[in-house]
Amino acid sequence: MTKHNAKFGLNESKAIISINLADQEVECALIDIFSIDDIKYAALIGFETNELYIFELKEDDLDKDNILLEFIEDEDQMNLVYDQFEDYWSDEMIDEVMDSYYDELEDEE
């Protein structure tokens, strides 16, 4: 079994990110930015769908304040990334993060 260099908790704050999937915009909570073997990923949970989405995270060369989320095309890479994420993040940990997003959204209303 190959050992991979995984680092979690690289995000510095919370963020709400809108993604477009199949002509539908989905608002998501940023759960984590993490890296595996020096490749960065962003894990998002849809507020309405409650689905986990993981994208490869890249910086925009033209706008350093902007990030690019790219689908993970390679199935083996995708399986590795999801497995590593699920090994680190328990359902309870994710629920706690989501609860804090919901609490903050309620406070803003």
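Only heavy atoms go into these numbers, but all of them, side chains included; no hydrogens, no water, no symmetry mates.
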Between [atom1] on residue [X] and [atom2] on residue [Y], distance to nearest 0.5 Å:
X     : Y     : atom1 : atom2 : answer
Asp38 : Lys7  : CG    : NZ    : 6.5 Å
Ser35 : Lys40 : OG    : NZ    : 7.5 Å
Glu12 : Ile33 : CD    : CD1   : 8.5 Å

Is the shortest side-chain heavy-atom distance between [X] and [Y] below 4.5 Å?
X     : Y      : value
Leu69 : Tyr53  : no
Ile16 : Phe47  : yes
Lys14 : Glu104 : yes
Leu68 : Leu57  : no

What one should report as the nearest heavy-atom pair of Glu56 and Ile72 is N-CG1, 4.0 Å

Smallest separation among heavy atoms of Cys28 and Gly46, with atom names:
SG-CA, 3.8 Å

Treating [X] as the side-chain partner and [Y] as the backbone partner, does any N or O pair qualify as donor plus acceptor under 3.5 Å?
X      : Y     : value
Asp37  : Asn5  : yes
Tyr101 : Ile31 : no
Asp32  : Ala43 : no
Ser90  : Met93 : yes

Selection residues 83-103 - residue pairs positive for salt bridge (Lys or Arg N to Asp or Glu O under 4.0 Å), sequence neighbours left out:
none

Could you name each residue pair satisfying salt bridge (Lys or Arg N to Asp or Glu O under 4.0 Å) that touches residues 66-81, not counting sequence neighbours?
Lys58-Glu70

For Leu52, the option from Leu44, Ile45, Ile94 that meets side chain to side chain contact (heavy atoms under 4.5 Å, CB included)
Ile45

Is the distance from the ring center of Tyr88 to that of Phe34 below 6.0 Å?
no

For Gln77 and Tyr41, which I'm curious about, is there any donor-acceptor pair between the side chains at under 3.5 Å?
yes

